[in-house]
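First, the structure itself, so that you have it in front of you.
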Amino acid sequence: MMKGSEVLGGPAFEVRGNDREIIVRRTFNAPRELVFDAFTSVDHISNWWGPEGFRTTTEHMDVRPGGVWRHVMHAPDGTDYPNYIVYQEVERPAKLAWAHGTREGEPFAFHATVTFEEIEGGTQVTLHQVHPTKEQRDMLVEQVGALEGGKNTLDRFARVVDALQQAHA
């Protein structure tokens, strides 16, 4: 029997995209409702959001269309990164879409859509970011390490999903 968030009929982690996009996909050996809850619960998201070594403090989270998630990502070197997300679509437990920026009133840096698809034995999560320009996307990939950060974040998310799955078993 498959354990944890392993490969379910395809790559466990995939990064691709062209032009202005970043697409990351991972499968989880857990029901879609549980995966969606881990993604949208303030009690869980602080345990996995951000790359390895980061901590996340949620100041406000309201998961509904027009709702806001304001949080700070704390890097291991002590740097704080404010984040401001406005949810545009919330279709429980299938889809989230948001505009992502740093602070209220500032232009959004990118738009993201996350889909939660039921597959045999689990849930496939696809994160799709669209950046304003190819140059901005490339800067995040090459200078900020967005792809590795995304992989780290989903690795951390997998550990939370696995723990929740075991707690519900």
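The structure presented is a predicted model; accordingly, all values stated were derived computationally and were not measured.
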query: Do V114 and V35 belong together in a cluster built from hydrophobic side chains that touch within less than 4.5 Å?
result: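 Shared cluster, yes.
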
query: Hey, are D155 and R26 close enough for a salt bridge, meaning a charged N less than 4.0 Å from a carboxylate O?
result: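 The answer is yes: the pair qualifies as a salt bridge.
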
message: Please determine whether side chain to side chain contact (heavy atoms under 4.5 Å, CB included) holds for the pair H111 and Q88, giving the CA-CA distance in whole Å, both sets of side-chain angles, and the decisive distance to 0.1 Å.
response: CA-CA 10 Å; H111 288 80; Q88 298 169 318; 3.6 Å; yes

- request: Identify the heavy atoms of P31 and T123 that sit nearest to each other, and give their distance.
  value: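 In terms of heavy atoms, the two residues are closest at C-OG1, 3.3 Å.
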
query: Any chain of hydrophobic side-chain contacts (each under 4.5 Å) joining M73 to V86?
result: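 Each belongs to a different hydrophobic cluster.
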
message: How long is the straight-line distance from NE2 of H44 back to CG of L34, given to the nearest 0.5 Å?
response: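 It is 7.5 Å, given to the nearest 0.5 Å.
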
- prompt: Which of these, Y81, W69, F54, sits in a ring pair (Phe, Tyr, Trp, His ring centres under 6.0 Å) with W49?
  reply: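 The residue from Y81, W69, F54 that satisfies ring pair (Phe, Tyr, Trp, His ring centres under 6.0 Å) with W49 turns out to be W69.
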
task: Would you mind telling me which of T57, I45, I85 makes a side-chain contact (heavy atoms from CB on, under 4.5 Å) with H71?
output: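 Going through the options one by one, the only one that passes is I85.
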
query: Charged N to carboxylate O below 4.0 Å: is that the case for R32 and E91?
result: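 Salt bridge between R32 and E91, a charged N being under 4.0 Å from a carboxylate O: no.
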
field: Rounded distance (nearest 0.5 Å) linking atom CD of Q124 with atom CZ of F116
entry: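 Rounded to the nearest 0.5 Å, the CD-CZ separation comes out at 12.0 Å.
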
- request: Work out which heavy atom in S41 is nearest to a heavy atom in M61; give both atom names and the distance.
  value: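 That closest heavy-atom pairing would be C-SD, 4.3 Å.
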
task: Report yes if some heavy atom in the side chain of T113 is under 4.5 Å from a heavy atom in the side chain of K95; otherwise report no.
output: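 Counting from C-beta outward, T113 and K95 do come under 4.5 Å.
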
message: If I take atom OG1 from residue T126 and atom CZ from residue R25, how far apart are they, to the nearest 0.5 angstrom?
response: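 Output value for this atom pair is 4.0 Å.
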
Verify same cluster id: L127, V90 (apolar side-chain graph, 4.5 Å):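 Cluster IDs for L127 and V90 match.
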
query: What is the distance from atom CZ of R20 to atom CD of E135, rounded to the nearest 0.5 Å?
result: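 Rounded to the nearest 0.5 Å, the CZ-CD separation comes to 11.0 Å.
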
query: When the ring planes of W48 and F157 are compared, do they come out parallel, tilted or perpendicular, using 30° and 60° as the limits?
result: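 Correct class here is tilted.
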
query: Do V72 and V42 sit in the same hydrophobic cluster, where Ile, Leu, Val, Met, Phe, Trp and Tyr count as joined when their side-chain heavy atoms come under 4.5 Å apart?
result: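 Looking at the clustering, V42 is in a separate group from V72.
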
message: For the CG atom of L164 and the CG atom of D37, what is their distance to the nearest 0.5 Å?
response: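 Interatomic distance, L164 CG to D37 CG, rounded to 0.5 Å: 8.5 Å.
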
Contact summary for I22 and A146, nearest pair of heavy atoms: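 Minimum heavy-atom separation between I22 and A146: CD1-CB, 4.3 Å.
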
task: Locate the shortest heavy-atom distance separating R156 from P51; write the atom from each residue and the value.
output: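 Heavy-atom minimum between the residues: NH1-O, 3.1 Å.
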
- prompt: With a 4.5 Å heavy-atom cut-off, do V68 and R70 have their side chains touching?
  reply: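 Heavy-atom side-chain distance check passes, below 4.5 Å.
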
message: Run the side chain to side chain contact (heavy atoms under 4.5 Å, CB included) test on L96 and F36 for me, step by step, so that the C-alpha distance in whole Å, both residues' side-chain angles and the decisive distance to 0.1 Å come before the verdict.
response: CA-CA 9 Å; L96 297 169; F36 189 88; 3.8 Å; yes

task: Answer yes if V125 and V130 sit in the same cluster of Ile, Leu, Val, Met, Phe, Trp and Tyr residues linked by side chain heavy atoms under 4.5 Å apart, and no otherwise.
output: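 Not linked; separate clusters.
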
field: Heavy-atom pair of closest approach, residues H131 and L140
entry: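 Minimum heavy-atom contact is CE1-CD1, 3.1 Å.
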
message: Between F108 and W98, is the ring centroid distance below 6.0 Å?
response: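 Not under 6.0 Å, so no.
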
message: Please give me the minimum heavy-atom distance between G121 and N29, naming the atom from each residue.
response: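 Closest pair (atom of G121, atom of N29, distance): O-OD1, 2.7 Å.
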
Nearest-0.5 Å distance that lies between atom OG1 in T102 and atom CG in N83: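 So the OG1 of T102 and the CG of N83 are separated by 8.0 Å.
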
